[in-house]
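What follows is a set of notes on a single structure, which appears directly below.
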Amino acid sequence: MPVLFIAVGLTLAGSLGGLLLASALLLCSDRVRVRLVPWFVSYAVGTLLGVALLELVPHALEALAPIRVLGTLLAGILLFFILEKLVIWRHCHTEECVAHSAAAPLVLIGDAFHNFVDGAVIGAAVVGSLPLGISTAIAVAAHEIPQELGDFAILLGAGYSRRQALILNIFSGLSAVGGTLVALFALDWIPNLLPYVLSIASASFLYIAMADLMPDLHRSGMDTRAVRQIALVVAGIATVIIFQTVL
């Protein structure tokens, strides 16, 4: 039972925490928001890469042969590529979104699915260890901030009010709890599944960082100051290392 409460608590902190911070940024002026979003994107890249390569993959390698871990990771990357092609995975991280031309309901469905996967990742990470769960929740929150801002922009552009957009995103974010519960019960039923789930989770984080966030940093309108971008990416990685050392 404590594991269940911890997993759900970290899921809410990661998913809804990122959403609330994104909502707070909506209160800022356009000039401030446009300046800050690339900083969050850069930091999110670091946390996602750090958690995937320094936490999730090593935990999976403790239980599985490298060929199985890397094979599962590769399969996961291909899976998320296919999901992106089906327009249910790709997310926007800027207010001028080029990834989505779809209707707002489809964006919400994709967001709910993404949050469900994030919740499953956090649940599996908590089963691995508490420090791994905390680091994973931080990575989820970091990439949720720019993602939710992009989703807000789509909903506002579709005619929803800020209040309606916030409520819809909260309901979408709650799907993460469902992902956590499914992961916990599945792993309780099939404990040997954990290293495979962690490998898929690492594929998810690597794909988001390298296919979604990094290209955004190169697009026009994003922060072009390379030194700042690198410093924030390193800060994200350092956050993972610090939690890894302290906890």
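Sequential numbering from 1 along the given sequence is applied to the chain's residues. Only a predicted model underlies this, so the values are computations on that prediction, with no experimental measurement involved.
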*Just do the side chain to side chain contact (heavy atoms under 4.5 Å, CB included) check on Ile237 and Leu53 with the steps written out, would you?*
CA-CA 10 Å; Ile237 296 172; Leu53 298 176; over 6 Å; no

_Trace of the side chain to side chain contact (heavy atoms under 4.5 Å, CB included) decision for Leu49 with Val240_ = CA-CA 9 Å; Leu49 292 177; Val240 176; over 6 Å; no

*With side chain to side chain contact (heavy atoms under 4.5 Å, CB included) as the test, would you mind laying out the steps for Val182 and Phe116 before giving the verdict?*
CA-CA 9 Å; Val182 168; Phe116 182 90; 3.8 Å; yes

*Go through the steps to decide whether Val45 and Met214 satisfy the test side chain to side chain contact (heavy atoms under 4.5 Å, CB included), and finish with yes or no.*
CA-CA 7 Å; Val45 168; Met214 283 185 173; 3.6 Å; yes

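Phe81 and Leu74 end up in different hydrophobic clusters when Ile, Leu, Val, Met, Phe, Trp and Tyr side chains are linked at under 4.5 Å. Note on Tyr196: it does not cluster hydrophobically with Ile67, by side-chain heavy-atom contacts below 4.5 Å among ILVMFWY residues. In the hydrophobic clustering of this structure, Ile208 does not group with Leu78; members are Ile, Leu, Val, Met, Phe, Trp, Tyr whose side-chain heavy atoms approach within less than 4.5 Å, directly or through other members. Follow the hydrophobic side-chain contacts under 4.5 Å out from Ile190 and you reach Val121 in the same cluster.
Contact detail for Ala141 and Ala13: the closest heavy-atom pair is CB-O, 4.4 Å. Minimum heavy-atom separation, Ala124 to Leu187: CA-CD1, 3.7 Å. Contact detail for Pro195 and Ala60: the closest heavy-atom pair is O-CB, 3.6 Å. A pairwise comparison of heavy atoms in Gln164 and Ser161 identifies OE1-N, 2.9 Å as the closest pair. Taking both residues in full, the closest heavy atoms of Ala203 and Phe80 are given as C-CE1, 3.8 Å, listed atom of the first, atom of the second, then distance. Heavy atoms only, all atoms of each residue included: Ala139 and Val51 are closest at CB-CG2, 3.8 Å.
Here OG of Ser15 is found 7.5 Å from CG of Leu174. Values are rounded to the nearest 0.5 Å. Rounded to the nearest 0.5 Å, atoms NE2 (His114) and OG (Ser172) are 10.0 Å apart. Between atom CD of residue Glu144 and atom CG of residue Asp118 there is a gap of 5.5 Å, rounded to the nearest 0.5 Å. Separating the CG atom in Leu70 from the CG atom in Leu64 is a distance of 10.5 Å, to the nearest 0.5 Å. In this structure, the separation between OG1 on Thr72 and CD1 on Ile77 is 11.5 Å, given to the nearest 0.5 Å. Separation of atoms NE2 (His143) and CG (Leu213) is listed at 7.5 Å; rounding is to 0.5 Å.
Residues Leu4 and Phe185 are not in side-chain contact: their nearest non-hydrogen atoms beyond the backbone lie 4.5 Å or more apart. Using a 4.5 Å heavy-atom cutoff, the side chains of Asp188 and Val127 are not in contact. In this structure, the side chains of Leu79 and Tyr207 stay at 4.5 Å or more apart for every pair of heavy atoms. Phe40 has its side chain out of reach of Leu232: every pair of non-hydrogen atoms, C-beta onward, lies at least 4.5 Å apart.
Ser135 contributes no side-chain N or O that, together with a main-chain N or O of Leu132, makes up a donor-acceptor pair within less than 3.5 Å.
Applying the side chain to side chain contact (heavy atoms under 4.5 Å, CB included) test to Val126 and every residue at least two apart in sequence or in another chain returns Val3, Ile6, Ala7, Leu10, Ile122. For Thr239, the side-chain hydrogen bond (donor to acceptor under 3.5 Å, both in side chains) partners two or more places apart in sequence, or in a different chain, are Tyr43. For Thr180, the side-chain hydrogen bond (donor to acceptor under 3.5 Å, both in side chains) partners at least two apart in sequence or on another chain are Thr11.
No option in Val233, Val234, Val227 other than Val234 meets the side chain to side chain contact (heavy atoms under 4.5 Å, CB included) test with Ile230.
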